[in-house]
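I have placed the structure first, in the form of C-alpha cells, so that the comments after it can refer back to it.
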Protein chains: 2
Amino acid sequence: MNQTAGTTRIQRRNTAAITEAALEVFSANGFRGATVDQIAKAAGLSKPNLLYYFPSKEAIHQHLLATLMDTWLDPLREMDPEGDPMEEILAYIRRKLEASRDFPRESRLFANEIVQGAPHILPTLEGELKDLVDEKAKVLSRWMEEGRIQRVHPYHLIFSIWSLTQHYADFDVQVRAVLGSGDTDPFPEAEEYVITLFTRMLALKP
Amino acid sequence: MNQTAGTTRIQRRNTAAITEAALEVFSANGFRGATVDQIAKAAGLSKPNLLYYFPSKEAIHQHLLATLMDTWLDPLREMDPEGDPMEEILAYIRRKLEASRDFPRESRLFANEIVQGAPHILPTLEGELKDLVDEKAKVLSRWMEEGRIQRVHPYHLIFSIWSLTQHYADFDVQVRAVLGSGDTDPFPEAEEYVITLFTRMLALKP
DNA sequence: CGTGACTTTGACCGTTTGGTCAAATGCGAC
DNA sequence: GTCGCATTTGACCAAACGGTCAAAGTCACG
C-alpha cells in the first residue's frame, strides 16, 4: 500500500469501493458476522487484492468507525448555543431523523458496535463523544435556567433524542413489520410524532 | 436427547445451564459472534455434551428467542383496556424500564437480532407482535377519542416507549460512557425523565 | 517502447468453527 | 449387583476463516 503523499486514481476508486462494501456488510452482519470474502466480493475485488489496501479486517472496521464518527456527531455539533432554544433542539431532531433515513447503515454499524459493548470504540465514547455531550448539556442547562424551555435532565434529553431518532434506522425491520404494508415510508409520521413529543415536553406553558 | 414425556433431573439442570449460558454469550456477541465452545464452557459442559441436548447452535438460538418473546411482550399484554389511561400507560413504561434494568441481556439479544434484519424471527414480528400491537393501538386510539389522553399516533407512541426504555439496556455502555462515573445507576434519573416526558405529552391541558 | 512502481491473482497456510461418532462412564430401578 | 438407558467424552472431520506470498500483469511516464 502506498505510504507516500501520492494517491493514484486506482487507489481512490478501490478504497472507496471497499469502504462502501464494508459498510454494507458490517452493518448487516456485525463485525464477527462479516467475512473478508464477502466484503471483497461486494467491492468487486479478490480477497488478497482487498488486503493490499487494508492490512486486516479489523483495520477496515476501525477505519469505517473513525470516518463515520464525525458524520454521526455533526448534527449535534451544529446546535447553536446562540440560537433560539426550541428551534435549535427541533432542528437537531430533524437532522438526526434525516440521518436515520438517509444513512441507516451507518446507524446500524454503530448500533451493532455499542450493543456488543463497544469493544472497538469505547475510548472514543468516553472521550470525544462525552466531551461534546458535556458541552451541549451545559448549553441546554443554561437555556433551562434562563426559562426558555422546560427543565428536564439535559443528558437524558440528549439520550432520548438519540434513542427515538435512531430507532427508525436500527429497528426499521420491526417498525415496518408492525405497521404492515411495507411499502409506505414511516418517516413522515415519525417526524410529526417525535416533533410533537419534544415540543409538548419542552414548551413553556403560557 | 430424550423425546418422551419423562425429563430427568440432569436434563433439567443442563438445559437450564445451557440456555443461561447461551443468553450470556449470544447477547454479548450476536449469533455469528458466539461460538458453541464458548457457550459450552460457560455452561460447564463439553461441546459434544452440549450438542447432546440441542441439535445445533441455531437451535439454541431459536429456543432462546422463542422462550424470551413472551417475557418481552408480557408488559404490554398487561396494559388494561379498562384501567385509567394515563396510569396504564405510565405503568407499562415502568414495567418496560424495569425489564431493561433487570433483563438487559434479553433486550440485547433482541436488539442484535433486529438490527441485523431479524433473520430468525421476522415471522414472529409480523404475526404475534403485530397482532398484539394492533390490539393495543386500538385501545390507545379509543382513549384518545374519549378525550382521556392527548391525541398522538398510537403506533409511534408504542415505538417511542420501546425505544426509550430499551435504550437503557441496549446502549448501556454509551449511556455510562457519556455520564461518566460508571458506578452510579442511571435508571432512577432515566425513569423520572421518561415518565415526565410521556406525562407532558399525553396529559390533557386543564 | 522500455522501465520501474503499482496492482492483481492463484495457491497456499494455520486456525477456528460447527458438528459427528464410537466408545466409555454414570445412574437408577429392579 | 446388574442391566438398560441416559450421559459424557476424546478424537476426529470438512468447511470456512483471516491472512501470506511469490509471481504475474498493468499502468504511467520518460
Side-chain angles (χ1 to χ4, degrees), chain A residues 1-65 112-113 116 119-120, chain B residues 1-65 112-113 116 119-120:
Chain A
M1 176 74 170
N2 197 338
Q3 208 73 358
T4 73
T7 14
T8 70
R9 183 176 42 91
I10 297 178
Q11 257 171 52
R12 272 191 301 277
R13 172 169 52 83
N14 284 348
T15 53
I18 290 169
T19 51
E20 159 66 22
L23 175 59
E24 185 72 26
V25 175
F26 279 135
S27 68
N29 304 94
F31 179 73
R32 291 214 46 192
T35 74
V36 179
D37 269 313
Q38 251 180 312
I39 300 172
K41 199 169 195 176
L45 301 174
S46 67
K47 183 169 63 169
N49 199 177
L50 180 149
L51 289 166
Y52 169 72
Y53 292 97
F54 288 86
S56 70
K57 176 184 172 183
E58 181 91 23
I60 308 174
H61 193 244
Q62 288 281 6
H63 176 77
L64 262 188
L65 285 174
N112 264 306
E113 172 70 11
Q116 299 187 8
H120 304 97
Chain B
M1 178 71 168
N2 198 338
Q3 207 75 356
T4 74
T7 12
T8 70
R9 183 174 43 88
I10 297 178
Q11 257 171 52
R12 275 191 299 277
R13 171 169 52 81
N14 283 349
T15 53
I18 291 169
T19 51
E20 160 65 23
L23 175 59
E24 185 73 25
V25 175
F26 279 135
S27 69
N29 304 95
F31 178 74
R32 292 216 42 192
T35 74
V36 178
D37 268 313
Q38 252 180 312
I39 300 172
K41 198 168 193 175
L45 301 175
S46 66
K47 184 170 61 168
N49 200 176
L50 181 149
L51 290 167
Y52 169 73
Y53 291 98
F54 287 88
S56 70
K57 177 184 173 184
E58 181 90 24
I60 308 173
H61 193 243
Q62 288 282 7
H63 176 78
L64 263 188
L65 285 175
N112 264 306
E113 172 69 10
Q116 299 187 7
H120 304 97

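Everything numeric in this text was worked out from a predicted model, so none of it was measured. Throughout, protein chains are lettered first and strands after them, A, B, ... in sequence-line order, and every chain is numbered starting at 1.
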For atom CG of A/Asn49 and atom P of D/dT26, their distance in whole Å: 13 Å
Nucleotide nearest A/Ser56 (side chain, heavy atoms from C-beta), chosen from D/dG19, C/dT7, D/dT8: D/dG19
Sugar-phosphate only, base, or nothing, as touched by A/Ala40 at under 4.0 Å among non-hydrogen atoms: nothing
Sugar-phosphate, base or nothing in reach of A/Ala34, heavy atoms under 4.0 Å: sugar-phosphate
Parallel, tilted or perpendicular: rings of A/His61 and A/His120 (30°, 60°): perpendicular
Exam field: side chain B/Gln38 to backbone B/Thr35, donor-acceptor pair closer than 3.5 Å: yes
Whole-Å distance separating the NE2 atom of B/His61 from the C1' atom of C/dG19: 18 Å
Contact summary for A/Val25 and A/Ala42, nearest pair of heavy atoms: CG2-CB, 4.4 Å
Main-chain N/O of A/Ala34 paired to A/Lys57 side chain as donor or acceptor, under 3.5 Å: yes
Protein-nucleotide distance (A/Lys57, atom NZ; D/dT20, atom P), rounded to Å: 15 Å
Whole angstrom value for the distance that separates P of C/dG10 from CG of A/Leu51: 15 Å
Candidates C/dT17, D/dG18, D/dC17 - which lies nearest the side chain of A/Arg32: C/dT17
Side-chain N,O (A/Thr8) to OP1/OP2 (C/dT7) below 4.0 Å: yes
Atom-pair distance (NZ on A/Lys47; P on C/dC12), nearest Å: 14 Å
Nearest-neighbour nucleotide for the A/Ile10 side chain, C/dT7, D/dG18, D/dA6 considered: C/dT7
Value in whole Å for how far the P atom of C/dA5 lies from CZ of A/Arg9: 20 Å
Among C/dG19, C/dT7, D/dT8, the one nearest A/Tyr52 by side-chain distance: C/dT7
Nucleotide nearest A/Pro48 (side chain, heavy atoms from C-beta), chosen from C/dT20, C/dG10, D/dG18: C/dG10
A/Phe54 CZ to C/dT8 P, straight-line distance once rounded to whole Å: 14 Å
Any A/Ser46 side-chain nitrogen or oxygen under 4.0 Å from OP1 or OP2 of C/dT9: yes
N/O (side chain, B/Gln11) to phosphate O (OP1/OP2, D/dA6) under 4.0 Å: no
Nearest-Å distance for atom pair CG/P, residues A/Leu50 and C/dT8: 11 Å
Nearest heavy-atom neighbours spanning B/Tyr53 and B/Ile18: CB-CD1, 3.8 Å
